[in-house]
Amino acid sequence: MKNLQKLHKENFFERVYTITKKIPHGKVTTYGAIAKSIGSANASRMVGWALNNTSFNETYIPAHRVVNRIGMLTGKHHFRHETLMQELLESEGVKVTNDKIVDFKNLFWDPSKELI
DNA sequence: CGTCTGACGCACG
DNA sequence: GCGTGCGCCAGAC
């Protein structure tokens with residue numbers, strides 16, 4: 001059914017937002033992990049694209065807790081200020097060096113554990 | 001309707 | 001171990 005497909009598309013954004021908002025304080029996750037948890041393991045690029053739209057979303061979404069698979073802050077240029085992403089992370093106790101999260105492996109939060 | 005783009009990820013050399 | 005290239009899906013033009 002067409003409506004169902006349309007609903008699915010809408011849920012793509014919804015799920016990305018929902019998962020992102022569930023990221024625990026002081027934890028981080030990856031675009032790929034989010035994509036996988038919403039059923040589209042290869043749609044990691046879409047996750048970043050969806051997060052870019054969070055700027056226009058009134059709801060607060062901690063997009064700064066989402067980085068790429070190696071823990072690098074590749075999306076910092078999309079924040080109001082390039083340093084904002086790092087500042088937000090560090091304010092939560094996440095150390096960042098050279099745009100890279102320190103001890104990323106230990107701070108990684110797996111979205112699939114949340115049973116969306 | 002073809003083509004390009006993107007806050008990624010992976011295979012390959 | 002690093003650089004390059006390609007696939008991925010959805011939207012813009």
Side-chain angles (χ1 to χ4, degrees):
Chain A
M1 296 168 66
K2 290 182 179 180
N3 288 337
L4 206 60
Q5 294 179 342
K6 183 178 181 181
L7 188 64
H8 181 70
K9 288 181 179 179
E10 292 176 351
N11 279 344
F12 187 89
F13 288 82
E14 289 292 330
R15 294 184 193 209
V16 172
Y17 299 157
T18 300
I19 294 173
T20 306
K21 284 188 286 189
K22 283 185 176 179
I23 301 175
H25 185 274
K27 289 282 186 175
V28 295
T29 191
T30 69
Y31 303 102
I34 294 175
K36 187 177 180 180
S37 65
I38 65 177
S40 301
N42 300 324
S44 51
R45 308 188 77 170
M46 297 303 96
V47 176
W49 171 75
L51 287 178
N52 189 29
N53 275 303
T54 60
S55 304
F56 308 100
N57 193 318
E58 295 182 358
T59 306
Y60 173 71
I61 297 178
H64 59 278
R65 296 185 190 139
V66 184
V67 295
N68 69 357
R69 67 184 180 98
I70 62 174
M72 198 139 70
L73 279 57
T74 51
K76 69 171 190 173
H77 292 296
H78 296 268
F79 284 78
R80 293 193 299 274
H81 308 291
E82 291 191 9
T83 57
L84 181 60
M85 187 175 188
Q86 179 172 343
E87 290 173 3
L88 289 171
L89 286 171
E90 291 183 335
S91 69
E92 297 181 354
V94 179
K95 295 180 179 179
V96 178
T97 303
N98 294 329
D99 296 337
K100 202 168 56 181
I101 294 179
V102 179
D103 200 14
F104 169 68
K105 187 174 67 177
N106 205 21
L107 294 174
F108 177 72
W109 175 77
D110 188 359
S112 62
K113 291 172 61 181
E114 280 295 314
L115 298 178
I116 308 305

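Proteins come first, then strands; the chains are lettered A, B, ... in the order of their sequence lines, and each starts at number 1. Since we're looking at a predicted model, the values are computed, not measured.
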With 3.5 Å as the limit, what N/O pairs link the protein to nucleotides 10-13 of chain B?
none

_Per A/Asn68 side chain, nearest of listed nucleotides B/dC8, B/dA7, C/dC8_ = B/dC8

*Can you run down the side-chain hydrogen bond (donor to acceptor under 3.5 Å, both in side chains) pairs that involve residues 63-79 of chain A, sequence neighbours left out, and say none if there aren't any?*
A/His64-A/Glu92, A/Arg65-A/Glu92, A/Lys76-A/Asp99, A/His77-A/Glu82

_Side-chain heavy-atom pair A/Ile101, A/Ile70 within 4.5 angstrom cut-off_ = no

*Provide the closest heavy-atom pair for A/Pro111 versus A/Ser37 in the form atom of the first, atom of the second, distance.*
CB-OG, 3.7 Å

*Work out which heavy atom in A/Gly26 is nearest to a heavy atom in A/Val94; give both atom names and the distance.*
O-CG2, 3.3 Å

*Taking Watson-Crick and G-U wobble pairs with both distances under 3.5 Å, convert DNA chain B into its dot-bracket string, 5' to 3', dots for unpaired and | for cross-strand pairs.*
.|||||.||||||

*asked:* Please list all pairs meeting salt bridge (charged side-chain N to carboxylate O under 4.0 Å, His left out) that have one or both residues in residues 25-44 of chain A, counting only residues at least two apart or in different chains.
replied: none

*Please lay out, stage by stage, how A/Val96 and A/Leu73 fare under the test side-chain contact (heavy atoms from CB on, under 4.5 Å).*
CA-CA 9 Å; A/Val96 178; A/Leu73 279 57; 4.0 Å; yes

*Whole-Å distance between B/dA7 C1' and A/Leu89 CG?*
13 Å

*Do A/Ile23 and A/Val28 have side chains that get closer than 4.5 Å, going by heavy atoms?*
no

*Quick check, are the ring centers of A/Trp49 and A/Phe13 under 6.0 angstrom apart?*
yes

*Would A/Ile34 and A/Thr29 satisfy side-chain contact (heavy atoms from CB on, under 4.5 Å), going step by step from the backbone distance to the final call?*
CA-CA 8 Å; A/Ile34 294 175; A/Thr29 191; 3.9 Å; yes

*Which heavy atom of A/Ala35 sits nearest a heavy atom of A/Ala43, and at what distance?*
CB-C, 3.7 Å

*asked:* Please list, in numerical order, the residues of residues 78-86 of chain A that have a heavy atom closer than 4.0 Å to any atom of DNA chain B.
replied: A/His78, A/Phe79

_Residues A/Met85, A/Val67; criterion side-chain contact (heavy atoms from CB on, under 4.5 Å); working and verdict_ = CA-CA 10 Å; A/Met85 187 175 188; A/Val67 295; 3.9 Å; yes

*Interatomic distance, A/Lys76 NZ vs B/dA7 P [rounded to whole Å]*: 14 Å

_Whole-Å distance separating the CG atom of A/Asp99 from the C1' atom of B/dC8_ = 17 Å

Scan nucleotides 2-4 of chain C against the protein and return all N/O pairs shorter than 3.5 Å with their distances rounded to 0.1 Å.
none

_Atom pair distance, as rounded to whole Å: NZ in A/Lys36 and C1' in C/dC9_ = 18 Å

*asked:* Looking at every heavy atom in both A/Thr54 and A/Tyr17, which two are closest together, and how far apart are they?
replied: CG2-CE2, 3.3 Å

*Whole-Å gap separating C1' (C/dC8) and CD1 (A/Ile38)*: 13 Å

*Given atom CH2 of A/Trp49 and atom P of C/dC9, what is their separation to the nearest angstrom?*
14 Å

*Determine, stepwise, if the pair A/Ile38 / A/Val16 fulfils side-chain contact (heavy atoms from CB on, under 4.5 Å).*
CA-CA 8 Å; A/Ile38 65 177; A/Val16 172; 4.2 Å; yes

*Nucleotide B/dA7, atom C1' - distance to CG of A/Leu51 in whole Å*: 7 Å

*Which of the following nucleotides, B/dA7, B/dG9, C/dC8, is nearest to the side chain of A/Ser44?*
B/dG9

_In this structure, how many angstroms lie between the C1' atom of B/dA7 and the CD1 atom of A/Ile61, rounded?_
14 Å

*Select base, sugar-phosphate, or nothing to describe what A/Ala50 touches, counting heavy atoms under 4.0 Å on all strands.*
nothing

*Determine whether A/Asp103 and A/Phe108 make a side-chain contact, defined as any pair of heavy atoms from C-beta on separated by less than 4.5 Å.*
no

_As a test of reading the structure: which of C/dC9, C/dC8, B/dG9 is closest to the side chain of A/Arg45, going by heavy atoms?_
C/dC8

